[in-house]
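Data first, discussion second: the structure below is written as structure tokens.
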Number of protein chains: 2
Amino acid sequence: MTDNPSYKDRKVITIGVVSELTGLTERQIRYYEERKLIFPERSPKGNRKYSFMDVEQLIDIANKREEGVQTYEIRQEMLKKRRKEERKKRRELLRGEINARFGIQKD
Amino acid sequence: MTDNPSYKDRKVITIGVVSELTGLTERQIRYYEERKLIFPERSPKGNRKYSFMDVEQLIDIANKREEGVQTYEIRQEMLKKRRKEERKKRRELLRGEINARFGIQKD
DNA sequence: CGTGTAAGGAATTCTGACACG
DNA sequence: CGTGTAAGGAATTCTGACACG
């Protein structure tokens, strides 16, 4: 349905590689974390680990920043989008339950 | 058909992370490269980079090694499988060409 | 053959801070 | 606010080699 084994979400990429992949400096990447735009995991000894999703997210952020959008705005948009998706998911879950009880039907 | 953006094949994972992911020591991982079982890329400054495919490959290798299979044998199996897949791909390409010229037909 | 280890050096990453604007 | 930079330390990675079996 979504992806296979979720390679896209495994947090395995170090900040140096993310920097190459995104064209952002490590400084920028760390700062966007400070501003809660990105949430890497940490290795046992404290090194940041990113997923491909994070890389894509950072590229989006970089584009918005180029347009002059401030990190605060970007965060607001992110939160809005997240809430929207949660509502969508909830509706889908509900629909699934209804179908399970009353049978599948086209509408 | 295959995967989306080929996250699975992007070589972005450092050897330390691969070690965690596979349970192999870095020594083992480097040795399997020496034996031509695995082919990481290198960062500009020479650090090895692996893909998720490589990680899976390494897990397969680890399993075979536990069964006592030698790296040489593993390499032979790999080469055999690779040739097999190339033949398959060639057949499919050919079939595609034939269909393109003489029309699609069920058999 | 396959793996461990100590060795030395180079590159990576981390944090907290000062700077500029 | 967003980013650069120098600072110092800790962790990572690399290679070539010796060891054992």
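All of these numbers come straight from a predicted model, not from anything done at the bench. Below, chains carry the letters A, B, ... as their sequence lines are ordered, and counting in each starts from 1.
Atom CD in Q28(B) sits about 11 Å away from atom P in dG2(C), given to the nearest Å. Rounded to whole Å, atom C1' of dT13(D) lies 17 Å from atom CG of L24(B). Atom-to-atom, CD of E26(A) to P of dG4(D) comes out at 11 Å; the value is rounded to the nearest Å. Remark: P of dG2(C) and CG of L58(B) are 15 Å apart, rounded to the nearest angstrom. Note: CZ (R27(A)) to C1' (dT13(C)) measures 14 Å, nearest angstrom. Atom pair N47(A):CG and dT13(C):P shows a separation of 7 Å (rounding to whole Å applied). Between the CD atom of E33(B) and the C1' atom of dT13(D) there is a distance of 13 Å, given to the nearest Å. Spacing between atom CG of L37(B) and atom C1' of dT3(C) amounts to 15 Å, rounded to whole angstrom units.
Take the nearest nucleotide of DNA chain C for K45(B) and for E34(B): the residue whose nucleotide is more 5' is E34(B).
Side-chain contact between E33(B) and Y50(B) is present, with at least one heavy-atom pair separated by less than 4.5 Å. Between P40(A) and K11(A), the closest side-chain pair of non-hydrogen atoms is not below 4.5 Å. The closest side-chain heavy-atom distance from Y31(B) to L37(B) is not below 4.5 Å.
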Original post:
Reading DNA chain C 5' to 3', what string of ( ), [ ], | and . shows its pairs, if Watson-Crick and G-U wobble pairs count only when both distances fall under 3.5 Å?
Top reply: .||||.||.|.|.||.||||.

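Of the residues in residues 66-75 of chain A, Q70(A), T71(A) come within less than 4.0 Å of DNA chain D through at least one heavy atom, sorted by number.
Residue M78(A) qualifies as enclosed at atom CE: its count of foreign heavy atoms under 6.0 Å is above 12. In F39(A), the CZ atom is crowded: over 12 heavy atoms of neighbouring residues, nucleotides or ligands sit closer than 6.0 Å. No more than 12 heavy-atom neighbours from other residues, nucleotides or ligands sit within 6.0 angstrom of CZ on R101(B).
Between K64(B) and E73(B) there is no salt bridge, since no side-chain nitrogen of the basic residue lies less than 4.0 Å from a carboxylate oxygen of the acidic one.
Distances shown here put every side-chain N or O of R48(A) at or beyond 4.0 Å from the OP1 or OP2 atom of dT13(C). For dG2(D), the OP1/OP2 oxygens have a side-chain nitrogen or oxygen of R35(A) closer than 4.0 Å. The side chain of R42(A) places an N or O atom within less than 4.0 Å of a non-bridging phosphate oxygen (OP1 or OP2) of dT15(C). For the OP1/OP2 pair of dG2(D) and a distance below 4.0 Å, the side-chain nitrogens and oxygens of Y31(A) include at least one atom meeting the criterion. A close approach under 4.0 Å does occur between a side-chain nitrogen or oxygen of T14(B) and OP1 or OP2 of dT13(D).
Interface remark: the R30(A) side chain does not form any donor-acceptor pair with the dT15(C) base, using a distance-only criterion of under 3.5 Å.
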**OP:** Could you give me the CA-CA distance, side-chain angles and deciding distance for E77(A) and K81(A), then say whether salt bridge (Lys or Arg N to Asp or Glu O under 4.0 Å) is met?
**Re:** CA-CA 6 Å; E77(A) 291 173 31; K81(A) 185 173 294 183; over 6 Å; no

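To the nearest 0.5 Å, the span separating CZ on R35(A) from CD on Q70(A) amounts to 8.5 Å. To the nearest 0.5 angstrom, R10(B) atom CZ is 8.5 Å from I13(A) atom CD1.
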